[in-house]
Peer 1: 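This is the structure I want to talk about, given as structure tokens.
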Number of protein chains: 2
Amino acid sequence: MLATKELNHQELKDIIYGAAFLGAGGGGSVVQGMAMVKEVVDSGKRVVLVDLESVKDDGLAVVSAGMGSPAAAKHGWRNEHLPAFDLLEKYLGKKVDYVVPIEIGAGNIAVPLHTAAFRGKYLVDADGAGRAIPELELTTFEIYGVPISPMAISDWEGDGAILFTKDSLKAERIARQIVVAFEGCAGIALYPMSGAKLKNVVIPGTLSLSQKVGSLLRKVREENLDVCEVLSKELRGYVLGVGKVTSKTLEMRGGFDFGVVEVELKGGGKLRVHFKNENIVAERDGKVIAVAPDLICWVTTSGEPLTNVDVDKGMEVAVIGLKAHERLRTEKALRAFKHLYSEVGFNIEYKPIEELIK
Amino acid sequence: MLATKELNHQELKDIIYGAAFLGAGGGGSVVQGMAMVKEVVDSGKRVVLVDLESVKDDGLAVVSAGMGSPAAAKHGWRNEHLPAFDLLEKYLGKKVDYVVPIEIGAGNIAVPLHTAAFRGKYLVDADGAGRAIPELELTTFEIYGVPISPMAISDWEGDGAILFTKDSLKAERIARQIVVAFEGCAGIALYPMSGAKLKNVVIPGTLSLSQKVGSLLRKVREENLDVCEVLSKELRGYVLGVGKVTSKTLEMRGGFDFGVVEVELKGGGKLRVHFKNENIVAERDGKVIAVAPDLICWVTTSGEPLTNVDVDKGMEVAVIGLKAHERLRTEKALRAFKHLYSEVGFNIEYKPIEELIK
């Protein structure tokens, strides 16, 4: 791609749809994402994507995100990420150049996209996970040692705080409490870093990839194509299974959604996807065929991306596996993901999807 | 007094005892205050008091305090006020010159005294209430419009935040939540202001006054003097009553201690002191004889100052009333105190103690 590229309405919508698929079961809803895109488009603001290689080493990058539960909040989301971004920029006393998504997902892409548009910053074509993840410690920012603080947190009125902590666990503990004071919703701006640092830690090209996936899914819907054929070919994806959702369990433990979705496969057999917010392990007839950080993604056979909130009994779905980026496959990264397997009930070690699927 | 004065061990102890009396029923315990004084003395640090008039207009003053419940905290108090002070000083990017107590009380004087000693700053001979008060909005900082933020809050490890809010209610709401993340104890540093501003808002001379009261009480104990005679003469105080505590009720509502202490008076009749954390209304045989902001103070007839936590059935006590400083008697100030009367059960307007006692 070009070094920078202004995204049009269709491209923005495609990004949201593609990000929903790449969210691997999580990352927020398409509805939430599309509402933010609409706000951006209606306002006439521009979203300018910059590819990671073109980011200037001495530029300043900041992660923009939301925290808390818009569903639980009294008023829903009210663009809390903007005052949080402003608070951090003011604190840093320097112009922020680049806005970076914390992870890929329909909601969690929309927030930094909205910030970039309304604050006139570049949106970086990269993110801190290349998928959605249940915990901050699984971001590449954490894995590759970017300090989380100074971290800004704000409510929609602009009341907030700059946090200074020795690690992200403490920052998250404080921030979660502040979210309570804010009645469920906060904007955050965190991981301020140089462009040079950014290049060394994030997963590159994930917004372009989201856009590509979104446009492919659109084509599938418009031209009534075979979603498995399109995605496996265009994304080098693995079809883990196609069939009908026969059951879904959901249990809330420690602030996370745990559960299993069972799919009765077209050709016979059962596929089970085990999630902690996002999809962690897929097994077919008792054999593990894909594990995080590799991506286990939902899509309806008609081409609608799904999160674990959306997946429901009776749906005709395709489960597509994608290789995680090499930055999520280092020893360090895999160590961070390891605890997830036992949390969803598996005593296993990571193996790459391309080996498991054989 | 001299412009600055280094306080010796005896003077420090007297300040704590006197502050316990002037706390008007609240402000923390003598035990807590004495422990901090001991730490200061053992460390060989100096406490240098500066009188308000000598404060430089372009100097920088900061209020140092604790927040939360050391009793409820897992580990008790661990000098959280020091990293909070450091955090604010670092944020402000300027050397703080003056440490100011938020209010007068055995515990709440000890904290800024400790900060001043361990950070080599002047301790200002003044505070934001001239007594202890149940709510932040009753400080003269609030009454006379000093912005509460930037406000630092920290745990003992130095993890914390700088809060930015439009008012103190929001700051307190956020800070209270952070105290939960800190398991019950936080240090705070707030109301950063110029020396010029400081002079226009605080109650002057209250540490000297504490020291004087402390030394008088010591004299009463050592020389077995009449506490009422000494305090009424030396402080121009009003003896509201002397007798035996016959009952004490205590009810916790909305995070405050509400209650009534009943004293059977020596010469006959009953005195009732109604408190919300601190003493708000004193009535003798149904007649109101003193109301906040005027001070209603506890002392045993043997000369030991008491807070409402210490006062107990069977104690021989003297109840001494003192005129509040004129800065607490302005229309603005009295408006802030007004809601307290109905909260402790009285539908009254403020009248000065010198009129009520007639």
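Bear in mind the structure is a predicted one, so any value in this text is a computation, not a measurement. Each chain gets a letter, A, B and so on, in the order the sequences are listed, and its residues count up from 1. Only this structure's heavy atoms are used, side chains among them; waters, hydrogens and symmetry mates stay out.
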Peer 1: For the residue pair Phe164(A) and Asp159(B), establish whether any side-chain heavy-atom pair is separated by less than 4.5 Å.
Peer 2: no
Peer 1: Taking NZ in Lys94(B) as the centre, count heavy atoms belonging to other residues, nucleotides or ligands within less than 6.0 Å. Is the count above 12?
Peer 2: no
Peer 1: Looking only at heavy atoms and a cut-off of under 4.5 Å, which of Ile162(A), Val179(A), Leu163(A) has the most pairs with chain B?
Peer 2: Ile162(A)
Peer 1: For Lys170(A), is it the side chain, the backbone, both, or neither that has a heavy atom closer than 4.5 Å to a heavy atom of chain B?
Peer 2: side chain
Peer 1: Just verifying a value: how many Å separate Thr165(B) OG1 and Asp155(A) CG, rounded to the nearest 0.5 Å?
Peer 2: 10.0 Å
Peer 1: Between Phe182(B) and Ile174(A), is there a side-chain heavy-atom distance shorter than 4.5 Å?
Peer 2: yes
Peer 1: Does anything in residues 139-153 of chain A reach chain B? List residues with heavy atoms under 4.5 Å apart, or say none.
Peer 2: none
Peer 1: Count the heavy atoms of every other residue, nucleotide or ligand shown that sit under 6.0 Å from OH of Tyr98(A), and state whether that count exceeds 12.
Peer 2: yes
Peer 1: Taking NZ in Lys199(B) as the centre, count heavy atoms belonging to other residues, nucleotides or ligands within less than 6.0 Å. Is the count above 12?
Peer 2: yes
Peer 1: Using modelled atom types and a 3.5 Å cut-off, is there a donor and acceptor pairing between side-chain atoms of Gln177(A) and backbone atoms of Gln177(B)?
Peer 2: yes
Peer 1: Determine whether more than 12 heavy atoms belonging to other residues, nucleotides or ligands lie under 6.0 Å from atom NZ of Lys90(B).
Peer 2: no
Peer 1: Look at Gly160(B), Ala171(B), Ser154(B), Gly158(B) and state which one has the largest set of heavy-atom pairs under 4.5 Å with chain A.
Peer 2: Gly160(B)
